[in-house]
Amino acid sequence: MKQILGIVGSPRINGNTHVLVSKILDGAKELNAKIDMIFLNKLNIKECDGCHVCWEVNQCNKNDDMINIYQKIIESDILIFGTPVYWYGPTGLMKLFLDRFVFFNCPENREKLKGKKAILVVPFEEVNFDTATPLISLFEKSFQYLEIPLIKKLIVPGVTKRGEVSEKKEIMEKAFQLGKNLSSGNS
Ligand SMILES: Cc1cc2nc3c(=O)[nH]c(=O)nc-3n(C[C@H](O)[C@H](O)[C@H](O)COP(=O)(O)O)c2cc1C
């Protein structure tokens, strides 16, 4: 059974990111994937200060919610990174979270990420796809570096009101099917 972790990097509950990540997880649930979702805004996640203690003792020295989240990440097969475009990049919440992946950048902890796959979900207001290019590039490069293949992207321009993406039936269906394919191993 596939284990899938949805990460909502928007501070808005029921916002477009939350709606899209939920829909993907609904699709995954249909075929019995084990799913979980975390809201970065509800967690205490401090910044990485580059001390690299985690490379020496395989444990971050910050006593915050990442201790449990590292475990969730390690137990998952697929990680869904959801963030809106905020000034042509991800939200600060998502960037802080990604920075903490330094933990996985030593030989022993790298093993713990091996075999996992990533999905990127990005809603934003402007209608031009190019708006998301710097953000996509940031994730593509980071995932490439961490050796977790980015297997699917759901890039959704033209949405800004809280949850308005749920009115876009085609996008919702696409998100649902994406989730279904994840759990069936078709991705
Ligand atoms: C601080 C901030 C910065 C934003 N920057 C951009 C931007 O550069 N380009 C854009 O198209 N939309 C931008 N937006 C709009 C959001 O991407 C849009 O409202 C999105 O749907 C929010 O996702 P959410 O509903 O999941 O919170 C910004 C919104 C905020 C609050």
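One-based numbering, in listed order, for ligands and for the atoms of each.
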Going by the ring pair (Phe, Tyr, Trp, His ring centres under 6.0 Å) test, name the single residue among Tyr70, Phe143, Trp55, Tyr145 that passes it with Phe104. Tyr70
Under 4.0 Å from one or more heavy atoms of Tyr88, ligand 1 contributes atoms 8 (O)
Please list the nearest protein heavy atom to atom 26 (O) of ligand 1 with its residue and the distance rounded to 0.1 Å. Thr17 OG1, 2.6 Å
Starting from atom 27 (O) of ligand 1, find the nearest protein heavy-atom neighbour and note its residue, name and distance. Ser10 OG, 2.7 Å
Is it true that the side chains of Glu75 and Gln71 contain a donor and an acceptor less than 3.5 Å apart? yes
Minimum-distance protein heavy atom relative to atom 22 (C) of ligand 1: Pro84 CB, 3.5 Å
Is it possible for you to say whether Leu138 and Tyr88 belong to one hydrophobic cluster, with membership spreading through side-chain heavy-atom contacts below 4.5 Å? no
What do you reckon, does His18 have a nitrogen or oxygen under 3.5 Å from a nitrogen or oxygen of ligand 1? no
Return the minimal non-hydrogen interatomic distance between Leu25 and Ile80, and the atom names on each side. CD2-CD1, 3.8 Å
Do any N or O atoms from the side chain of Asn16 and from the backbone of Glu164 form a donor-acceptor pair under 3.5 angstrom? yes
Are Phe39 and Leu20 connected in a single hydrophobic cluster, I mean Ile/Leu/Val/Met/Phe/Trp/Tyr linked by side-chain heavy atoms less than 4.5 Å apart? yes
Based purely on interatomic distance, does Arg162 place a nitrogen or oxygen under 3.5 Å from a nitrogen or oxygen of ligand 1? no
If every non-hydrogen atom of Val165 is compared with every non-hydrogen atom of Met172, which pair is closest and at what distance? O-SD, 3.5 Å
Step-by-step side-chain hydrogen bond (donor to acceptor under 3.5 Å, both in side chains) determination, Glu173 to Gln177: CA-CA 6 Å; Glu173 183 56 26; Gln177 289 305 329; 2.8 Å; yes
Mark up the atoms of ligand 1 that fall under 4.0 Å of a heavy atom belonging to Asn16, in ascending order. 21 (O), 24 (P), 25 (O), 26 (O)
What protein heavy atom lies closest to atom 5 (N) of ligand 1? Include the residue and the distance to one decimal. Trp87 N, 2.9 Å
Near Thr131, which atoms of ligand 1 are under 4.0 Å from a heavy atom of that residue? 9 (N), 11 (O)
Considering non-hydrogen atoms of the protein only, which is the closest contact for atom 9 (N) of ligand 1, and what is the distance? Glu126 OE2, 3.0 Å
Between Asp49 and Lys62, does a salt bridge (Lys or Arg N to Asp or Glu O under 4.0 Å) hold up when you go through it step by step? CA-CA 10 Å; Asp49 54 19; Lys62 302 229 162 180; 3.3 Å; yes
Closest protein heavy atom (residue, atom, distance) for atom 30 (C) of ligand 1: Tyr86 CE1, 3.4 Å
For atom 18 (C) of ligand 1, find the nearest protein heavy atom and state the residue, atom name and distance (0.1 Å precision). Thr160 OG1, 3.5 Å
Please examine the side chains of Ile7 and Val21, heavy atoms only from C-beta on, and report whether any two atoms are closer than 4.5 Å. no
Can you confirm, on distance only, whether ligand 1 has an N/O atom lying under 3.5 Å from any N/O atom belonging to Val159? yes
Tell me the contacting part of Val85 for ligand 1: side chain, backbone, both, or neither, using a 4.0 Å heavy-atom threshold, strictly below. both
Which of the numbered atoms in ligand 1 are under 4.0 angstrom from any heavy atom belonging to Glu125? 10 (C), 11 (O), 12 (N), 15 (C), 17 (O)
